[in-house]
Visitor: 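Mind having a look at this structure? Questions to follow.
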Amino acid sequence: MEYQKPRIEFYRQRTFSEKLNAVFEFIRENWKPLLKYSFYLIMPICLVQAFAMNSFFDIYIDMIMNSVGGNPFGNSMISFFTSYGVMLFCMLIGSTIMSGMVYAMMQTYATRENRLQDITLNDFKEALVKNVWRCLRIIFALLFVYLLIVFIMAFLAVIVSTISLVITIPLLIAFIICLVPLMMLVPVYIFEHDIDFFDAIKKAWKLGTATLGGMLGLMIVLNIIASVIQTVTMLPWYLTLIFGTIFSISSESMIAQSVIYKFAIYILGLIQSYGMYVSTIIGIIGLAFQYFHAREKVEGITIESNISNFNDL
């Protein structure tokens, strides 16, 4: 019988290095299902996103080249904002699906006998759908609050006076600072099934402020690692795009209009888009382990569970 490592314990206080080790141990143990189902779920979005992204940059480069001659937008303004909107929409949906998928897999890992070995989509589909909807609620709620603050700032600056910037700018800065501990909102709202949205905000603030330093350090380190992965997958697409533009300008050739170039830039755009989503897995798992650590530190749920189950020992 093949030896199997002990299941990774979620709810446990960990030092900074222990949290990093737990994140990469979980990825090392489950990288195959993570990559497999991220490919199945995210690639359809990447197909659209890569097309919109290439279209956006083509129009953007044309705008720069034509800016000397007059109107930089010309007749491409609608296409420019359409491509940009589609790209942002794909990133929104893709990020939501990635968070929902990773957390659904972590929930399944904690309860399934074989963890994530030979897992199928049906094993975590219900949790995936529920998690995605909860992530969308969080995104739209934060977006609404952000737009409301921006509207209030613009109203005060235009209607009242420019002196109101003394109030509005600190207000925006305070809102951005408040978002740091509220990073905990996603794992709180997903892993605690019976909690409502406003209670999740209160609890995320409580856990986030209680472990703010550790969370900031962990997220900074994991985002640096993720940015390296994003850079590696982005560079071929970026360099091909730049070289194609330079050759087209310098030699007046039609390389940027050739079928081979367009196909190559689209494939590289797919790799760049998929690599961007895959790199976010590190931060998503890291935030989950930060939540497990914070909840154990603040609430001591493992101790409470052991006390309540003492008679069964």
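Keep in mind that what you see is a predicted model, and the values were worked out from it rather than measured.
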Visitor: If you count heavy atoms of other groups shown closer than 6.0 angstrom to CD1 of Ile260, is the number above 12?
Guide: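 Count not over threshold, so no.
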Visitor: Measure from the ring center of Phe263 to the ring center of Tyr266 and say whether it is less than 6.0 Å.
Guide: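 No; Tyr266 has its ring centre 6.0 Å or more from that of Phe263.
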Visitor: Just checking Phe24: does its CZ atom have more than 12 heavy atoms from other residues, nucleotides or ligands closer to it than 6.0 angstrom?
Guide: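 Enclosed.
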Visitor: How long is the straight-line distance from CD1 of Ile190 back to SG of Cys135, given to the nearest 0.5 Å?
Guide: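 Interatomic distance, Cys135 SG to Ile190 CD1, rounded to 0.5 Å: 3.5 Å.
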Visitor: With a 4.5 Å limit on heavy-atom distance, are the side chains of Ile93 and Phe89 in contact?
Guide: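 Of all side-chain heavy-atom pairs linking Phe89 with Ile93, at least one is under 4.5 Å.
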Visitor: Is there a path of hydrophobic side-chain contacts, each under 4.5 Å between heavy atoms of I, L, V, M, F, W or Y residues, that connects Val86 with Leu143?
Guide: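 No, because Val86 and Leu143 fall into different hydrophobic clusters, even though each may have its own neighbours under 4.5 Å.
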Visitor: As a quick check of understanding, evaluate side-chain contact (heavy atoms from CB on, under 4.5 Å) for Met215 and Leu218, giving each step before the final call.
Guide: CA-CA 5 Å; Met215 181 171 64; Leu218 182 65; 5.9 Å; no
Visitor: Between His293 and Tyr11, is there a side-chain heavy-atom distance shorter than 4.5 Å?
Guide: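 Heavy-atom side-chain distance check fails, nothing below 4.5 Å.
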Visitor: Output, in order, the C-alpha distance, side-chain angles, deciding distance and verdict of salt bridge (Lys or Arg N to Asp or Glu O under 4.0 Å) for Glu299 and Lys203.
Guide: CA-CA 11 Å; Glu299 298 180 354; Lys203 190 162 189 177; 2.8 Å; yes
Visitor: For Phe39, does the CZ atom have more than 12 heavy-atom neighbours from other residues, nucleotides or ligands under 6.0 Å away?
Guide: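 No - once you tally the heavy atoms of other residues, nucleotides and ligands closer than 6.0 Å, there are 12 at most.
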Visitor: Check the orientation of Phe289 and Phe292. Use parallel for under 30°, tilted for 30 to 60°, and perpendicular for over 60°.
Guide: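 Rings of Phe289 and Phe292: perpendicular, over 60°.
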Visitor: Anything under 30° is parallel, anything over 60° is perpendicular, the rest tilted; go ahead and classify Tyr103 against Phe191.
Guide: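 Because their plane-to-plane angle is over 60°, the rings of Tyr103 and Phe191 count as perpendicular.
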Visitor: Between Ala22 and Ile8, what is the shortest heavy-atom contact and its length?
Guide: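 Looking at all heavy atoms of both residues, the shortest contact is O-CD1, 4.5 Å.
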Visitor: Any luck finding a side-chain donor-acceptor pair between Gln117 and Asn30 under 3.5 Å?
Guide: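 Asn30 and Gln117 do not have a side-chain donor-acceptor pair below 3.5 Å.
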Visitor: Supply the atom-to-atom distance Gln290 CD to Phe16 CZ, rounded to the nearest 0.5 angstrom.
Guide: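 Those atoms lie 9.5 Å apart.
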Visitor: Report the C-alpha separation of Met105 and Tyr37 in whole Å, then their side-chain angles, then the decisive distance to 0.1 Å, and conclude whether the side-chain contact (heavy atoms from CB on, under 4.5 Å) test is met.
Guide: CA-CA 10 Å; Met105 284 189 162; Tyr37 288 103; 3.4 Å; yes
Visitor: Please determine whether residues Ile267 and Ile45 belong to a single hydrophobic cluster, defined as Ile, Leu, Val, Met, Phe, Trp and Tyr linked transitively by side-chain heavy-atom distances below 4.5 Å.
Guide: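 Same hydrophobic cluster.
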Visitor: Assess whether a salt bridge exists between Glu296 and Arg14, defined as any Lys/Arg side-chain N lying under 4.0 Å from an Asp/Glu carboxylate O.
Guide: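 Result for this pair is no, no salt bridge flagged.
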Visitor: Indicate the atoms forming the closest heavy-atom contact of Val188 with Ala204, along with that distance.
Guide: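 In this case the closest contact between Val188 and Ala204 is CG2-CA, 4.1 Å.
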Visitor: Quick one: CD1 on Ile225 to CD1 on Ile220, what's the gap to the nearest 0.5 Å?
Guide: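 Nearest 0.5 Å value for the CD1-CD1 distance: 12.5 Å.
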Visitor: Does Asp118 CG have over 12 foreign heavy atoms under 6.0 Å away?
Guide: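 Open: at most 12 neighbouring heavy atoms sit under 6.0 Å from CG of Asp118.
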Visitor: Measuring from atom CG of Leu207 to atom CG of Leu182, what distance do you get when rounded to the nearest 0.5 angstrom?
Guide: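 Result: 11.0 Å between the selected atoms.
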Visitor: For Asp123 and Thr120, does a side-chain donor sit closer than 3.5 Å to a side-chain acceptor?
Guide: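 Checked: Asp123/Thr120 side chains pair up, N/O donor to acceptor below 3.5 Å.
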Visitor: Is Thr233 reaching over with its side chain to a backbone N or O of Gln230, donor-acceptor style, under 3.5 angstrom?
Guide: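 Side chain of Thr233 to backbone of Gln230, a donor-acceptor pair under 3.5 Å: yes, one is there.
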Visitor: Closest heavy-atom contact between Ala294 and Met184?
Guide: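 Minimum heavy-atom contact is CB-CE, 4.2 Å.
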Visitor: If you take all heavy atoms of Pro33 and Ile119, which pair is closest and at what distance?
Guide: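 Heavy-atom minimum between the residues: CB-CG2, 4.0 Å.
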Visitor: Determine, stepwise, if the pair Lys130 / His193 fulfils side-chain contact (heavy atoms from CB on, under 4.5 Å).
Guide: CA-CA 10 Å; Lys130 185 177 181 180; His193 303 287; 3.8 Å; yes
Visitor: Report yes or no: does Thr209 contribute a side-chain atom to a donor-acceptor pair with the main-chain N or O of Lys206 at less than 3.5 Å?
Guide: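 Indeed, once roles are kept as given, a pair shorter than 3.5 Å links the two residues.
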Visitor: Taking the six-membered ring for Trp, are Phe80 and Tyr84 parallel (under 30°), tilted (30 to 60°) or perpendicular (over 60°)?
Guide: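 It falls in the parallel class, under 30°.
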Visitor: Measure the spacing between CG of Leu34 and CD1 of Ile27 and express it to the nearest 0.5 Å.
Guide: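 Going from the CG atom of Leu34 to the CD1 atom of Ile27 covers 7.5 Å.
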Visitor: To the nearest 0.5 angstrom, please state how far the CG atom of Leu235 sits from the CD1 atom of Ile271.
Guide: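 With rounding to 0.5 Å, CG (Leu235) is 12.5 Å from CD1 (Ile271).
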Visitor: Is a side-chain donor-acceptor pair under 3.5 Å present for Tyr274 with Ser38?
Guide: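 Present: a donor and an acceptor within the cut-off.
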Visitor: So that I can tick it off, tell me whether Glu192 and Arg295 are bridged by a salt bridge, with the cut-off set at under 4.0 angstrom between side-chain N and carboxylate O.
Guide: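 The answer is yes: the pair qualifies as a salt bridge.
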Visitor: For a 4.5 angstrom cut-off between non-hydrogen side-chain atoms, does Met276 reach Ser273?
Guide: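 Answer no - side chains too far apart.
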Visitor: Check whether any side-chain heavy atom of Arg12 lies under 4.5 Å from a side-chain heavy atom of Glu18, and answer yes or no.
Guide: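 They are in side-chain contact.
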Visitor: Leu128 vs Leu41, test: side-chain contact (heavy atoms from CB on, under 4.5 Å). Steps then yes/no.
Guide: CA-CA 11 Å; Leu128 170 63; Leu41 296 173; 3.9 Å; yes
Visitor: Mind checking whether Ile282 and Asn223 have side chains closer than 4.5 Å, heavy atoms only?
Guide: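 Heavy-atom side-chain distance check fails, nothing below 4.5 Å.
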Visitor: Check whether Asn131 reaches the backbone of Ala127 with its side chain - one donor and one acceptor, N or O, closer than 3.5 Å.
Guide: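 Present.
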Visitor: Under the criterion ring-ring contact (aromatic ring centres under 6.0 Å, His included), which of Phe198, Tyr291, Phe197, Trp133 is the partner of Tyr189?
Guide: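 Filter result, single survivor: Phe197.
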Visitor: Could you state whether Ile281 and Ile224 fall into the same hydrophobic cluster, counting links through intermediate Ile, Leu, Val, Met, Phe, Trp or Tyr residues with side-chain heavy atoms under 4.5 angstrom apart?
Guide: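 No; Ile224 is not reachable from Ile281 via cluster members.
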Visitor: Which heavy atom of Leu241 sits nearest to which heavy atom of Ile265, and what is that distance?
Guide: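 Heavy-atom minimum between the residues: N-CD1, 3.6 Å.
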Visitor: Quick one, Leu287 and Met219 - any side-chain contact, counting heavy atoms below 4.5 Å?
Guide: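 Leu287 reaches Met219 side chain to side chain.
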Visitor: Taking all non-hydrogen atoms of both residues into account, name the closest pair between Thr240 and Tyr261 and its distance.
Guide: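 Looking at all heavy atoms of both residues, the shortest contact is O-OH, 3.4 Å.
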Visitor: Less than 6.0 Å separating the ring centroids of Trp31 and Phe26?
Guide: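 Not close enough - the centres of the two rings lie 6.0 Å or further apart.
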Visitor: Answer yes or no: is there a donor N or O on one side and an acceptor on the other, between the side chain of Ser55 and the main chain of Phe51, under 3.5 Å?
Guide: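 No; zero donor-acceptor contacts below 3.5 Å.
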Visitor: Decide whether Met53 and Val48 are clustered together by the hydrophobic rule: side chain heavy atoms of Ile, Leu, Val, Met, Phe, Trp, Tyr closer than 4.5 Å, transitively.
Guide: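 As far as the 4.5 Å side-chain criterion goes, Val48 and Met53 are not connected within one cluster.
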Visitor: Hey, are Tyr238 and Gln272 close enough side-chain-wise for a donor-acceptor pair under 3.5 Å?
Guide: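 Distance-only check fails for Gln272 and Tyr238.
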Visitor: Salt bridge (Lys or Arg N to Asp or Glu O under 4.0 Å) for Glu29 and Arg115? Distances and angles first, verdict last.
Guide: CA-CA 10 Å; Glu29 181 179 340; Arg115 306 178 211 179; 2.9 Å; yes
Visitor: Is Glu113 paired with Arg7 through a side-chain N to carboxylate O contact shorter than 4.0 Å?
Guide: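 Salt bridge absent between Arg7 and Glu113.
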Visitor: Would you call Ser95 and Thr280 a side-chain contact if the rule is heavy atoms closer than 4.5 Å?
Guide: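 SC-SC contact between Ser95 and Thr280 ruled out.
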Visitor: Say whether Leu179 and Leu147 are linked into one hydrophobic cluster, either directly or through other cluster members, by side-chain heavy-atom distances under 4.5 angstrom.
Guide: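 Yes.
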